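Numbers here are sequence positions counted from 1. Remember, it's a predicted structure, so these values are computed and weren't measured experimentally.
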Amino acid sequence: GGGASGSGSGNTGVRISAAIAGAGGDISISGTGGNSRGTGNTGIEQIAVISNAAAGSITLNGTGGGNGIQEIGILSNADITAVTGNISMTGSASATAVGSGNHGVQVLGGTRSTTGSGTIPTSGTATGTGTGANASGVNVLSGAVINAADGPVSITGTNASTGTGTSNNGVSITGAG
């Protein structure tokens, strides 16, 4: 991402705004948000479909940057589908974030699903300092679906935040489908 030392916002490492479709080979995406004083320096912002046919896996690794609010590792808001491959998401919020909403992985909407034996491990770490609140290692909101047909689903969240705010969780699932 951009904004190495400025005050700009929205310096995303990787922004996925067009569909990505694999034909069976693995898909791997890594991103780190910009290190600015602004907000929303997300590692990976996924707002378009990622799909993979056959045995190909999908791996997302994101790290939030910056020292503002909403410095999220992975922000997912569209479908991610695989047949027999795994769907793995690992995210960490910015360690220097001081505000609220600094999630490791935030799943806003869409469906993460495998139709075969693929697994869906999701792991996130909330970090940061100050008076920030509402930071979760993994935050799954209403409208998001995580479903593996024949494989396990695992969600692991750690809240390593030293913030003094409220509602700082390892895993937060609110009304998800």
Side-chain angles (χ1 to χ4, degrees), residues 1-4 9-35 40-66 70-94 101-126 136-158 170-177:
S9 296
N11 297 299
T12 301
V14 176
R15 185 169 198 265
I16 303 164
S17 58
I20 296 174
D26 293 341
I27 297 171
S28 180
I29 301 168
S30 296
T32 301
N35 191 25
N41 297 300
T42 304
I44 297 173
E45 181 182 9
Q46 183 243 337
I47 58 174
V49 172
I50 301 173
S51 62
N52 209 339
S57 293
I58 300 169
T59 303
L60 303 179
N61 290 301
T63 302
Q70 297 178 346
E71 312 293 26
I72 299 169
I74 297 172
L75 176 71
S76 178
N77 197 17
D79 293 351
I80 302 175
T81 59
V83 177
T84 58
N86 302 329
I87 298 170
S88 174
M89 293 191 295
T90 303
S92 182
S94 171
N102 299 304
H103 308 292
V105 175
Q106 184 171 43
V107 182
L108 294 175
T111 298
R112 278 120 220 90
S113 65
T114 62
T115 57
S117 61
T119 65
I120 307 178
T122 302
S123 176
T125 303
S136 298
V138 177
N139 186 29
V140 181
L141 299 178
S142 179
V145 176
I146 301 174
N147 181 38
D150 295 323
V153 171
S154 65
I155 299 174
T156 305
T158 302
V171 175
S172 176
I173 299 173
T174 54

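From Asn41, atom CG reaches atom OG of Ser9 across 6.5 Å, with rounding to the nearest 0.5 Å. Going from atom CG of Leu108 over to atom OG of Ser76 covers 8.0 Å, rounded to the nearest 0.5 Å. A distance of 6.0 Å separates OG1 of Thr174 from CG of Asn139, quoted to the nearest 0.5 Å.
Residues Asp26 and Thr59 are not in side-chain contact: their nearest non-hydrogen atoms beyond the backbone lie 4.5 Å or more apart. Contact annotation: the side chain of Leu141 approaches that of Gln106 to within less than 4.5 Å [non-hydrogen atoms, C-beta and beyond]. Taking 4.5 Å as the limit, every side-chain heavy atom of Arg112 sits out of range of all side-chain heavy atoms of Thr122. Within the 4.5 Å cutoff, side-chain heavy atoms of Ile50 are placed close to those of Leu60.
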Open item on the list: Please evaluate residues Ile20 and Ile58 with respect to the criterion side chain to side chain contact (heavy atoms under 4.5 Å, CB included), reporting the C-alpha separation (whole Å), side-chain torsions for both, the decisive distance (0.1 Å), and the verdict.
Closed with: CA-CA 10 Å; Ile20 296 174; Ile58 300 169; over 6 Å; no

- [ ] Starting from the C-alpha separation in whole Å, work towards a yes-or-no answer on side chain to side chain contact (heavy atoms under 4.5 Å, CB included) for Arg15 and Thr42.
- [x] CA-CA 9 Å; Arg15 185 169 198 265; Thr42 304; over 6 Å; no

Task: Worked check of side chain to side chain contact (heavy atoms under 4.5 Å, CB included) between Ile173 and Ile155 - done: CA-CA 10 Å; Ile173 299 173; Ile155 299 174; 4.2 Å; yes

Task: Worked verdict on Thr81 versus Thr111 for side chain to side chain contact (heavy atoms under 4.5 Å, CB included) - done: CA-CA 8 Å; Thr81 59; Thr111 298; 5.6 Å; no

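The shortest heavy-atom contact between Asn61 and Ile44 is O-CD1, 3.4 Å. Minimum interatomic distance between Ser94 and Gly66 (heavy atoms only, all atoms of both residues): OG-O, 2.5 Å. Here the closest heavy-atom approach between residue Gly24 and residue Ala54 is recorded as CA-CB, 4.1 Å. For the pair Ser172 and Ser136, the tightest heavy-atom approach, listed with the atom from each and the gap, is CB-OG, 3.5 Å. Residues Glu71 and Asn102 approach most closely at N-OD1, 2.7 Å, considering heavy atoms. Scanning both residues, Val140 and Ala144, for their nearest heavy atoms gives CG1-CB, 3.9 Å.
Of the possible polar contacts, one joining the Asn52 side chain to the Gly25 backbone as a donor-acceptor pair under 3.5 Å is found. Between the side chain of Gln46 and the main chain of Ala78, a donor-acceptor pair closer than 3.5 Å is present. Within the 3.5 Å criterion, the main-chain N or O of Gly109 finds a donor-acceptor partner in the side chain of Asn77.
Judged by distance alone, the side chains of Thr119 and Asn86 do bring a donor and an acceptor atom under 3.5 Å apart.
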